[in-house]
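Because only heavy atoms are used, hydrogens play no part in the values below, and waters and symmetry mates are left out as well, while side chains stay in. For reference, positions follow the sequence shown, starting with 1.
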Amino acid sequence: MTHAPQDLRNISTTRGTGFTVALFVRDRLALPVAADIPALTPRIAVEALPGDEDLPEEGAAALADGWRAWWQRLAEAPPGRVVGPAPGRLATVFDAVVDEARAWEAGNVRPNLFLSEGDLPPCYVPSQIGDPDVPVVYDVEVVPVGGAWHQDLGPHRLLVSTRTWEDPAAMEAILRSRIERLQSRALPIPHAAPQVWRMVVDRQVFTVEDRPHEPGSYDFRWENGPIEGYGFSIGTSTREPLSEDVLRRAIQGFVEGFEA
């Protein structure tokens with residue numbers, strides 16, 4: 001996920017392992033699917049698995065149909081997740097080659113996928129993409145297919161080849177229009193000021209401050225405590241505002257824990 005400022009170094013990027021495994025199966029069995037996606041590189045040797053040598057034509061067609069459904073499942077799964085095909089012959093193939101495919105990927109996709117200053121070509125400076133006040137979620141997954149290639153999996157998700165990912169100018173050109181299009185449908189984050197107030201609990205004075213962009217989170221500073229600037233923070237996963245009674249109990253628990 002990416003938040004402002006959005007440049008090439010902030011886009012969330014992972015190995016597209018699930019997709020790589022699916023393409024490994026496609027290339028290993030020479031399945032007639034996804035002709036628009038280049039072959040993995042280095043190329044995978046075509047090899048029939050035991051029981052597939054005399055696979056009837058309708059059986060091969062069923063494998064191809066199962067593969068297409070598998071690809072769709074991967075596109076609907078969280079980024080970076082390895083999801084197997086539905087139960088059946090293709091699932092058996094997956095079980096037979098998944099470890100080999102993952103090992104092959106590990107040797108052909110560099111471990112560090114986050115673009116760093118050291119990755120940039122000489123004299124190239126990545127410019128900010130989009131409005132930093134309008135954060136969006138955007139995920140890029142890298143697959144080691146041949147050549148310069150990319151494919152949208154949805155408005156927030158992109159598959160790219162290793163060569164494309166390693167070309168920062170190409171990635172900027174691909175991402176800019178997509179990020180800006182997403183931002184045009186979103187609303188800017190309001191710059192609300194935090195609310196600040198004082199609470200006195202058992203003669204202990206605390207300044208309480210909420211976090212406008214993190215509802216349900218509060219910071220406490222112990223004004224008459226034994227250590228200057230000492231305090232604590234609390235928050236709730238529900239992002240719902242906390243009542244004054246809850247805040248008072250939090251202060252009491254903090255002071256009691258300090259004195260214990």
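Residues that satisfy the side chain to side chain contact (heavy atoms under 4.5 Å, CB included) test with T41, not counting sequence neighbours, are absent from this structure. F254 is linked by a ring-ring contact (aromatic ring centres under 6.0 Å, His included) to W222, Y230, F232, counting only residues two or more places apart in sequence or in another chain. In this structure E100 satisfies the salt bridge (charged side-chain N to carboxylate O under 4.0 Å, His left out) test together with R28, sequence neighbours excluded. Applying the salt bridge (charged side-chain N to carboxylate O under 4.0 Å, His left out) test to R26 and every residue at least two apart in sequence or in another chain returns nothing. With sequence neighbours left out, D95 forms a salt bridge (charged side-chain N to carboxylate O under 4.0 Å, His left out) with no residue at all.
Checked by atom type, the side-chain pair S161/T164 shows a donor-acceptor distance below 3.5 Å. A donor-acceptor pair shorter than 3.5 Å cannot be found between the side chains of Q252 and E256.
Here the CE atom belonging to M199 is positioned 10.5 Å from the OH atom belonging to Y218, to the nearest 0.5 angstrom. Note that CD1 of I44 is 11.5 Å distant from CG of L29, once rounded to the nearest 0.5 Å.
Residues T20 and P144 share a closest heavy-atom pair of OG1-CD, 3.4 Å. Contact detail for A91 and A86: the closest heavy-atom pair is CB-O, 3.4 Å. The shortest non-hydrogen separation linking N224 to R203 is ND2-O, 3.1 Å. Considering all non-hydrogen atoms of both residues, P38 and V145 come closest at O-CG1, 3.5 Å. Listed here is the closest heavy atom pair of Q151 and D36: NE2-OD2, 3.4 Å. Residues Y138 and P155 share a closest heavy-atom pair of CE1-O, 3.4 Å.
Contact of the R178 side chain with the L158 side chain is registered, since non-hydrogen atoms from C-beta on lie closer than 4.5 Å. Between I37 and W71 the shortest side-chain heavy-atom distance falls below 4.5 Å. Contact check for T14 versus V140: no side-chain heavy atoms found under the 4.5 Å cut-off. Here the side chains of E209 and Q195 are not in contact, with every heavy-atom distance at 4.5 Å or above. Contact of the V46 side chain with the D27 side chain is not registered, since no non-hydrogen atoms from C-beta on lie closer than 4.5 Å. Residues V142 and R15 fail the side-chain proximity criterion, which asks for heavy atoms closer than 4.5 Å. Side-chain contact between T162 and N108: absent, with no pair of heavy atoms (C-beta onward) separated by less than 4.5 Å.
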Inset, instruction - Please report the C-alpha distance between V200 and F206 in whole Å, then the side-chain angles of each, then the deciding distance to 0.1 Å, and finally whether the side-chain contact (heavy atoms from CB on, under 4.5 Å) criterion is met. - result: CA-CA 6 Å; V200 180; F206 282 78; over 6 Å; no
Inset, instruction - Just do the side-chain contact (heavy atoms from CB on, under 4.5 Å) check on R198 and V205 with the steps written out, would you? - result: CA-CA 7 Å; R198 291 165 67 87; V205 181; 3.1 Å; yes
Inset, instruction - Quick one: do I234 and L242 satisfy side-chain contact (heavy atoms from CB on, under 4.5 Å)? Show the steps, please. - result: CA-CA 10 Å; I234 62 173; L242 298 178; 3.7 Å; yes
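Ring-plane geometry between W67 and W70 is classed as perpendicular, the angle between the planes exceeding 60 degrees on a 0 to 90 degree scale with a lower cut at 30.
There is a path of hydrophobic side-chain contacts, each under 4.5 Å, that joins V255 to I227. Linking ILVMFWY side-chain heavy atoms closer than 4.5 Å, directly or via other members, places V208 and V246 in a single hydrophobic cluster. Note: the hydrophobic cluster containing I251 also contains F258 (ILVMFWY, side chain heavy atoms under 4.5 Å, direct or indirect links). Both F220 and W197 are members of a single hydrophobic cluster when ILVMFWY side chains are connected at heavy-atom separations under 4.5 Å.
Contact check on D65 versus R68 returns a salt bridge, with a Lys/Arg side-chain nitrogen under 4.0 Å from an Asp/Glu carboxylate oxygen. With respect to E141 and R157, a salt bridge is recorded, a charged nitrogen being found less than 4.0 Å from a carboxylate O.
Environment of CZ in R102: sparse, with no more than 12 heavy atoms of neighbouring residues, nucleotides or ligands closer than 6.0 Å.
Residue pairs meeting the salt bridge (Lys or Arg N to Asp or Glu O under 4.0 Å) criterion with at least one member in residues 215-224, sequence neighbours excluded: R211-D219, R221-E223.
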